[in-house]
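Note sheet for the following structure.
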Amino acid sequence: MESVLALGGLVLLRDSVEWEGRSLLKALIKKSALCGERVHILGCEVSEDEFREGFDASVNSRLIYHDLFRDPLNWSGEALPGGPLEALQAMCKRTDPGPVTIALDSLSWLLLHLPCPALCQALCALSQQHSRPGGSSPVEPVRVLGLLHEELHGPGPLGALSSLAQAEVTLSGTMGQASAHILSWRPQQRPARQTQWFSILPDFSLNLQGGPPLESQPDPEPHTPPVDPTAHVTFNLHLSESERAAKDSLTLPFQFSSEKQQALLHPGPRQATGRIFYEPDAYDDLDQEDPDDDLDV
């Protein structure tokens with residue numbers, strides 16, 4: 001997980017019905033906040049109170065919450081005035097010093113309310129921006145954590161978001177233990193893959209673990225010698241030397257030997273010619289007239 005937080009740009013957290021990803025998102029937010037980063041959160045699916053629940057005061061003090069859940073259509077005029085798209089564009093213009101993490105909860109909600117090209121353009125602008133503390137010190141990359149419910153979308157939006165991401169974390173698990181399959185891209189390097197087993201503590205601390213224990217396998221059966229299938233046959237499968245010589249010298253009927261060729265080209269004087277003998281049956285319909293009589297030949 002440290003490798004995920006070390007990357008800038010867009011990081012996709014892909015969850016499913018079986019393995020929810022908001023807990024991992026909050027664990028990564030807490031880790032970023034404890035490192036001294038400012039964390040902007042665009043909340044769409046749960047209320048601010050529910051999202052902040054479980055964080056202590058030191059973490060909550062570093063969270064800047066942008067609430068789209070309370071009034072997503074801005075009917076009251078108190079929420080973000082320009083809706084989700086202008087909220088994303090406003091985050092691109094921030095001037096916070098030092099490294100910044102932007103958490104989107106969730107990308108699936110944004111995909112249902114924004115055109116996919118507009119969302120991808122906003123994400124590209126977010127992930128490529130840099131924070132400049134005072135404009136003098138080195139630039140710091142911006143990390144964008146996007147929660148994505150992949151079962152809600154087709155291959156088109158998923159492929160578009162994957163093409164923008166610097167890393168993808170796909171949640172799964174086995175035997176009740178969660179795992180994160182991490183696919184990351186670094187400049188001029190091949191994609192790196194790793195699997196990390198983890199658990200989330202009640203205070204949203206990330207507890208990294210080893211893999212699940214292997215299932216016990218039954219003891220193998222004692223070795224038994226293989227059964228010879230030719231042991232009880234009623235005929236001989238092997239030939240003696242004399243039998244093999246007789247077999248090799250035998251000319252089969254379908255073999256065209258030189259003797260057969262000579263016999264066909266030069267038939268002997270005693271060779272009988274073939275004749276056909278036909279005895280008509282009592283019920284045969286025989287016509288005694290010449291069939292070619294009208295041809296005048």
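- A distance-only check finds no donor-acceptor pair linking the side chain of D15 to the backbone of E20 [under 3.5 Å].
- In terms of heavy atoms, L158 sits closest to H153 at CD1-O, 3.9 Å.
- The shortest side-chain heavy-atom distance between R22 and D105 falls under the 4.5 Å cut-off.
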Next on the checklist: Assess the residue pair L13 and L28 against the criterion (side chain to side chain contact (heavy atoms under 4.5 Å, CB included)); give the C-alpha distance rounded to whole Å, side-chain angles, the decisive distance to 0.1 Å, and a yes or no.
Outcome noted: CA-CA 11 Å; L13 305 179; L28 296 178; 4.1 Å; yes
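- Two residues are said to be in side-chain contact when any heavy atoms from C-beta on lie closer than 4.5 Å; H113 and L68 fail this criterion.
- Side-chain atoms of S249 come within 3.5 Å of backbone N or O of A245 as a donor-acceptor pair.
- The 12-atom threshold is not exceeded at CD of E53, counting heavy atoms of other residues, nucleotides or ligands nearer than 6.0 Å.
- One distance of note links CG of L12 with CG of L107; it measures 6.5 Å at 0.5 Å rounding.
- Inter-residue side-chain proximity for F198 and L171 is flagged as met; some heavy-atom pair is nearer than 4.5 Å.
- L34 contributes atom CG, which lies 9.5 Å from atom CZ of F55 (distance to the nearest 0.5 angstrom).
- No hydrogens or angles considered: nothing links the side chains of S47 and D49 as a donor-acceptor pair under 3.5 Å.
- For the 3.5 Å distance criterion, the side chains of E151 and S16 fail to qualify, holding no donor opposite an acceptor.
- Taking 4.5 Å as the limit, some side-chain heavy atom of L110 sits within range of a side-chain heavy atom of L42.
- Following chains of ILVMFWY side-chain contacts shorter than 4.5 Å, one can reach V46 starting from I200, so the two form part of one hydrophobic cluster.
- If you take OG on S163 and CH2 on W185, they are separated by 9.0 Å, rounding to the nearest 0.5 Å.
- Scanning both residues, W197 and G173, for their nearest heavy atoms gives CZ3-CA, 4.4 Å.
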Next on the checklist: As a quick check of understanding, evaluate side chain to side chain contact (heavy atoms under 4.5 Å, CB included) for L111 and L119, giving each step before the final call.
Outcome noted: CA-CA 7 Å; L111 275 175; L119 177 59; 3.5 Å; yes
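- A donor and an acceptor atom, one from each side chain of E45 and H149, are located under 3.5 Å apart.
- In this structure, K26 satisfies the cation-pi test against F51, with its NZ or CZ atom closer than 6.0 Å to the six-membered ring centre and inside 45 degrees of the ring normal.
- No continuous path of hydrophobic side-chain contacts links L208 to L183 [ILVMFWY only; heavy atoms under 4.5 Å].
- Using a 4.5 Å cut-off on side-chain heavy atoms (C-beta onward), L24 and V169 make contact.
- Contact annotation: the side chain of D203 never approaches that of D56 to less than 4.5 Å [non-hydrogen atoms, C-beta and beyond].
- Nearest heavy atom pair, residue A103 against residue L25, reads CB-CD1, 4.2 Å.
- To the nearest 0.5 Å, atoms CZ (R244) and CG (L239) are separated by 5.0 Å.
- The closest side-chain donor-acceptor pair between Q177 and T174, if any, does not fall under 3.5 angstrom.
- Under the 30°/60° scheme for interplanar angles, the aromatic rings of H66 and H40 are found to lie parallel.
- Between the side chain of R52 and the backbone N or O of N60, at least one donor-acceptor pair lies under 3.5 Å.
- In terms of the side-chain hydrogen bond (donor to acceptor under 3.5 Å, both in side chains) criterion, S184 has no residue partners (sequence neighbours excluded).
- Counting only heavy atoms from C-beta outward, the side chains of L123 and L104 approach each other to under 4.5 Å.
- Closest approach of C44 to S106, counting heavy atoms only: CB-N, 4.0 Å.
- A heavy-atom distance below 4.5 Å is found between the side chains of C120 and L161.
- With R143 contributing its side chain and L10 its backbone, the two residues share no donor-acceptor pair below 3.5 Å.
- Taking every heavy atom of both residues into account, L152 and S108 meet most closely at CD1-CB, 4.3 Å.
- No more than 12 heavy atoms of other residues, nucleotides or ligands shown are found within 6.0 angstrom of CD on E241.
- In summary, R70 and E48 do not engage in a salt bridge, as defined by a charged side-chain N under 4.0 Å from a carboxylate O.
- A salt bridge (Lys or Arg N to Asp or Glu O under 4.0 Å) check over residues 158-177, counting only residues at least two apart or in different chains, returns the pairs R14-E168.
- Here CD1 of I64 is found 9.5 Å from CD1 of I41. Values are rounded to the nearest 0.5 Å.
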Next on the checklist: salt bridge (charged side-chain N to carboxylate O under 4.0 Å, His left out), that's the test. Do E243 and K247 meet it? Break it down for me.
Outcome noted: CA-CA 6 Å; E243 291 172 339; K247 174 180 175 297; over 6 Å; no
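- Pairing each heavy atom of V59 with each of K30, the nearest pair is CG2-CG, 3.9 Å.
- Taken together through direct or relayed side-chain contacts under 4.5 Å among Ile, Leu, Val, Met, Phe, Trp and Tyr, F69 and I102 form parts of separate hydrophobic clusters.
- A donor-acceptor contact closer than 3.5 angstrom is absent between the side chains of T195 and S179.
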